[in-house]
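Computed from a predicted structure; not experimentally measured. Just the heavy atoms: all of them, side chains too, but no hydrogens, waters or symmetry mates, feed the values below.
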Amino acid sequence: MSQLRTNPLRTMLTLLGVVFGVGSVVAMVSIGEGAQRDILATIEAMGAKSVHVSVRETPDTEIGKTINDSVGLSRHDVSVLEREIPGAQAVGWRASHSLAVTDTAVPTGEIALYGVNEELFRVHNLNVARGRALHAIDARSGHRVVVIGDALARRLFSGEEALGEVVRLDYSYFEVVGVLAPMGGAPAEVVEGEGGEGAEGLLGGGGGTSGAFDASEYDMSALVPGEVMFTELAPPRIYHELDMISVEVGSTAQTMGAKAALEGVLARTHGGVRDFSIVAPEEILRQRQATQSILNAVLISIAAISLLVGGIGVMNIMLANIMERVTEIGLRRAVGATKRDIRNQFLGEAVWTCSLGGALGVALGYGASLLVGELAGLPIAFAWGSTALSFGLSLLVGVTFGLMPAMRAANVDPIDALRGE
């Protein structure tokens with residue numbers, strides 16, 4: 001190994017293939033694992049047993065025909081789904097309203113105001129940290145009450161108790177009866193549903209009529225009874241009265257069946273117009289896993305090429321070492337070293353070289369993944385199993401590409417080696 005240490009530049013150049021091969025695996029797996037965990041967290045926030053129906057944007061050229069056949073998402077759809085979807089445990093809905101006036105210090109554009117039914121709290125996993133959720137009696141009796149998100153409560157009342165306070169929403173006053181627990185969700189990726197129907201906009205941020213569902217948006221939301229919102233703040237829209245309908249079923253395994261049932265029922269109630277998008281959390285996970293499989297295949301190919309190049313470099317430097325150290329080999333054989341001793345010496349040097357490259361590759365991969373995560377805002381999760389596998393592959397490269405030079409060194413004739421001196 002002293003020969004490798006006395007030529008550090010040549011050794012480092014030889015290691016580049018191994019370093020980049022291992023580093024690419026560690027970096028990409030860390031980024032992929034972080035994205036996978038982020039998707040799972042989002043699915044959990046959405047409700048793993050829920051199927052979500054959102055508004056699908058209609059091209060301007062088709063609006064005239066569309067509104068003649070369909071009124072979009074409506075409370076009528078909710079009542080039909082409650083009756084006809086097998087295994088439906090709860091059906092929640094929400095409608096958004098853009099505030100124009102408020103007496104708070106928070107700009108109206110930063111407050112997501114939704115009119116909801118009481119089931120939405122269950123279906124969207126909205127936990128009330130203080131106070132209570134909205135009840136059916138609030139809608140029936142026209143109570144002007146509101147449940148606000150954790151971040152909105154802190155901004156409105158500077159950490160003081162929000163319960164019992166009154167806030168102005170447009171030209172009506174609502175009493176705060178509950179504060180949601182922090183959501184802390186994150187938007188998932190856009191996926192394409194079966195049959196070419198997209199889930200566009202469903203999981204992105206923002207409110208309005210896009211039907212977006214980012215769990216974290218509830219942190220800055222104000223939830224009022226839907227019927228009260230239609231009476232006090234804004235009448236129901238003629239087209240797409242609701243922004244989202246969510247149906248909870250008994251288990252995650254039932255979500256894909258519920259999605260198919262929803263498509264059939266809504267196609268009938270909407271006169272065959274596809275002005276809605278449906279997505280199930282399990283579908284998002286399947287799409288993410290499919291994407292990850294493709295990424296892994298590309299990653300493995302890149303790593304294999306890098307490691308092959310690195311292995312050839314290792315073999316090259318070991319063969320060069322043999323030519324430079326023929327006399328050393330002859331002397332060792334003359335004083336009693338066996339072929340096995342010579343083979344193990346050179347094989348050990350090859351493995352040591354590749355293990356150094358593997359360690360540097362792991363460090364490079366971690367550093368690169370942290371840098372990408374910081375610059376791109378991506379979640380990062382280090383997968384120790386994949387890291388160990390990558391390091392093990394570097395050792396395998398050392399054995400595979402170091403064995404032939406080691407055998408060649410072991411077969412050097414000691415008499416010819418000493419005569420060459």
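Between Val399 and Leu395 the shortest side-chain heavy-atom distance does not fall below 4.5 Å. Side-chain contact between Thr255 and Val249 is present, with heavy atoms from C-beta onward closer than 4.5 Å. For the pair Val265/Leu81, a side-chain contact is recorded, criterion being any heavy-atom separation below 4.5 Å from C-beta on. Contact annotation: the side chain of Tyr171 approaches that of Val101 to within less than 4.5 Å [non-hydrogen atoms, C-beta and beyond]. Residues Tyr114 and Leu120 fail the side-chain proximity criterion, which asks for heavy atoms closer than 4.5 Å. Between Ser54 and Asp243 there is no side-chain heavy-atom pair separated by less than 4.5 Å. The closest side-chain heavy-atom distance from Leu364 to Phe20 is below 4.5 Å. The shortest distance between side-chain heavy atoms of Ser74 and Thr269 does not fall below 4.5 Å.
Between Ile111 and Ala222 the shortest heavy-atom distance is CG2-CB, 4.3 Å. Considering all non-hydrogen atoms of both residues, Ser96 and Arg237 come closest at O-NH1, 3.3 Å. When all heavy atoms of Leu134 and Val224 are compared, the pair lying nearest together is CD1-C, 3.5 Å. Among all heavy-atom pairs drawn from Arg268 and Val80, the shortest one is NH2-CG1, 4.0 Å. Across every non-hydrogen atom of Ser172 and Phe174, the tightest pair is CB-CE1, 3.6 Å. Residues Val247 and Val123 come closest through the heavy atom pair N-CG1, 4.3 Å.
Note on Arg132 versus Glu118: no salt bridge recorded, every NZ/NE/NH1/NH2 to OD/OE distance being 4.0 Å or above. Using a cut-off of 4.0 Å between Lys/Arg side-chain N and Asp/Glu carboxylate O, Arg325 and Glu349 are scored as salt-bridged.
Applying the side-chain hydrogen bond (donor to acceptor under 3.5 Å, both in side chains) definition to pairs two or more places apart or across chains, those involving residues 363-381 are Tyr366-Thr387.
For CZ of Arg122, the number of neighbouring non-hydrogen atoms (other residues, nucleotides, ligands) closer than 6.0 Å is greater than 12. For CG of Leu375, the number of neighbouring non-hydrogen atoms (other residues, nucleotides, ligands) closer than 6.0 Å is greater than 12.
Using a 3.5 Å distance cut-off with no hydrogens or angles, the side chains of Glu248 and Gln254 do not pair a donor with an acceptor. Of the N and O atoms on the side chains of Ser246 and His124, at least one donor lies less than 3.5 Å from an acceptor on the other residue. A donor-acceptor contact under 3.5 angstrom links the side chains of Asp275 and His270, judged on distance only.
Distance check, rounded to the nearest 0.5 Å: CG of Asp77 to CD of Glu241 gives 9.0 Å. Atom-to-atom distance recorded for Met404:CE and Leu347:CG is 12.5 Å, nearest 0.5 angstrom. Annotation: the span from Ile329 atom CD1 to Gln345 atom CD amounts to 7.5 Å, rounded to 0.5 Å. The line from CD1 of Ile245 to OG of Ser50 is 13.5 Å long, rounded to the nearest 0.5 Å.
Legend: residues meeting side chain to side chain donor-acceptor pair (under 3.5 Å) with Thr102, ordered by chain and number and at least two apart, are Thr104.
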The test is salt bridge (Lys or Arg N to Asp or Glu O under 4.0 Å); show your working for Arg130 and Glu160 and say whether it passes.
CA-CA 12 Å; Arg130 302 188 299 281; Glu160 298 179 3; over 6 Å; no
Identify each donor-acceptor pair in which a side-chain atom of residues 139-152 lies under 3.5 Å from a protein atom, sequence neighbours left out, and give them as a table.
from	atom 1	to	atom 2	distance (Å)
Ser141	OG	Ile137	O	3.1
His143	ND1	Asp138	OD1	3.0
Asp150	OD2	Arg154	NE	3.0
Asp150	OD2	Arg154	NH2	2.9

